[in-house]
Peer 1: 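Take a look at this one; I'll ask things after.
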Number of protein chains: 2
Amino acid sequence: MNLTEGKEKFLQSWGALGSSWGVNRTMAQIHALLMISPHALSADDVMEELKISRGNANMNIRALIDWGLVFKELRAGERKEFFVAEKDMWKVVKNIIIQRKKRELEPMIKVLDELSSVEGDDAETEEFVKTIKDIKLFSSKADSTLDTLIKADSNWFVGTFMKMIK
Amino acid sequence: MNLTEGKEKFLQSWGALGSSWGVNRTMAQIHALLMISPHALSADDVMEELKISRGNANMNIRALIDWGLVFKELRAGERKEFFVAEKDMWKVVKNIIIQRKKRELEPMIKVLDELSSVEGDDAETEEFVKTIKDIKLFSSKADSTLDTLIKADSNWFVGTFMKMIK
DNA sequence: TTGTACTTTCAGGAAGTTTTGAAAAAATCG
DNA sequence: CGATTTTTTCAAAACTTCCTGAAAGTACAA
């Protein structure tokens, strides 16, 4: 396989993977493109490589910056902005965990908290509250585990899990 | 808050959470409904509670059974089928990990393998292959870690992570 | 200040996904 | 075996999400 085919395949696969993770296809592809690029790319480069519009490129690059997965690179004497991807996979995953935890897990825990206070003494209410509390317990544990994971550095992570696996 | 409001809120929140996880809203809501129900429900019950069509209910229940998150319950003397959800959160998460690993991580590792064999000696190709190999290394580690997690039981999981957190 | 190079915004259209509902198939019963 | 109940299928409709491209906005240099 040559480089052009390889790049193409990687962009397609990474984009498809993104779709099943609540990330839109284009955003995942831009990230992929920047990851395999040896140097920073401008918005125009991204538009051309992925055959997408300026608006689309701009919005998704912005979103990637929000997630901490892509950075601006300003060059002296160049008005144009260039972009580079975070390439350390551990940092990529860590940022995704941080963002999704904040956007999804934490609000859910808050809702579960409110729901634990549902009143009533019939079987259905009891079952409901019991189930909610179970889910909340599990979610809170997951939450602290993720906090620990976030604080830990890559080597620690790999080391610990390698021991677990062996 | 009373039971009806609580149920409604839980169904909404769980459904919304599903959307950001590549699970469709209705599938997540059916799962939520069955989790908080003290007894098995029929397709008609699900249709009525969630105000959805027969076809929609049937397709999503089917998908949930595929994922191992819902089971059929047959009753002697009843022609109708009833459904119950897996309520042990650890098992729920474990099943989701198993399915997504199979559907997403494993195919991606296969693609990355193919991409490691891209040929060429310019800087761009080298960078490409290097990045792919990094991603593959990380993915393979994640893969084995998940295998370990799947084999482990709930207590072990909680125990180990609780130690990590302390 | 004005011209230029670039970035951001957003309404409307395109593409993709989910839902419906009716018809077909399957299962069960007398 | 019908008759009846329940489940499954699937084309079309409804809905949602994403993308385009043109216009507006911003920053900078001269």
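Because the structure is predicted, anything quoted here is derived from the model rather than measured. Sequence lines set the chain letters: A, B, ... in the order given, protein chains first and strands last, and positions in each chain run from 1.
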Peer 1: Any salt bridge linking B:Lys87 with A:Glu127? Criterion: basic side-chain nitrogen under 4.0 Å from a carboxylate oxygen.
Peer 2: yes
Peer 1: Counting only side-chain nitrogens and oxygens, does B:Asn60 get under 4.0 Å of the OP1 or OP2 atom of C:dT18?
Peer 2: no
Peer 1: Does one hydrophobic cluster hold both B:Trp21 and B:Trp90, with members joined at side-chain heavy-atom distances below 4.5 Å?
Peer 2: yes
Peer 1: Roughly, in whole Å, what's the span from CG in A:Leu50 to P in D:dC19?
Peer 2: 11 Å
Peer 1: Remember a base hit wins even if backbone is also touched, and classify B:Thr26 as base, sugar-phosphate or nothing at under 4.0 Å, heavy atoms.
Peer 2: sugar-phosphate
Peer 1: So, are A:Asp44 and A:Arg54 salt-bridged, with charged N and O less than 4.0 Å apart?
Peer 2: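 A salt bridge links A:Asp44 with A:Arg54.
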Peer 1: Pair B:Leu33, B:Leu11 - check side-chain contact (heavy atoms from CB on, under 4.5 Å), show working.
Peer 2: CA-CA 7 Å; B:Leu33 177 64; B:Leu11 296 179; 3.9 Å; yes
Peer 1: Taking only Lys NZ, Arg NE, NH1 and NH2, and the carboxylate oxygens of Asp or Glu, determine whether A:Glu124 and B:Lys7 approach each other closer than 4.0 Å.
Peer 2: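 So A:Glu124 pairs with B:Lys7 through a salt bridge.
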Peer 1: Any luck finding a side-chain donor-acceptor pair between A:Ser42 and A:Asp45 under 3.5 Å?
Peer 2: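 Yes.
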Peer 1: Can you tell me the distance, in whole Å, between the CZ atom of A:Arg25 and the P atom of C:dA15?
Peer 2: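 That distance rounds to 14 Å.
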Peer 1: Have a look at the helix from C:dT1-D:dA30 to C:dG30-D:dC1 and give the angle its two end axes make, five pairs each, rounded to 10 degrees.
Peer 2: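 The value is 20°.
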Peer 1: What is the distance from CE of A:Met47 to C1' of D:dA22, rounded to the nearest Å?
Peer 2: 13 Å
Peer 1: Going by an N to O cut-off under 4.0 Å, is there a salt bridge joining A:Glu104 and A:Arg100?
Peer 2: yes
Peer 1: Strictly under 4.0 angstrom, non-hydrogen atoms only: write out the protein contact profile of nucleotides 5-12 of chain C, one letter per nucleotide from the 5' end, B, S or -.
Peer 2: BSBBB---
Peer 1: Taking atom C1' of C:dA14 as reference, at what distance in whole Å does atom CG of A:Asn24 sit?
Peer 2: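 So the two atoms are 15 Å apart, to the nearest Å.
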Peer 1: Under 4.0 Å between a Lys/Arg side-chain N and an Asp/Glu carboxylate O for A:Asp88 and A:Lys94?
Peer 2: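 Salt bridge flag = no for A:Lys94 with A:Asp88.
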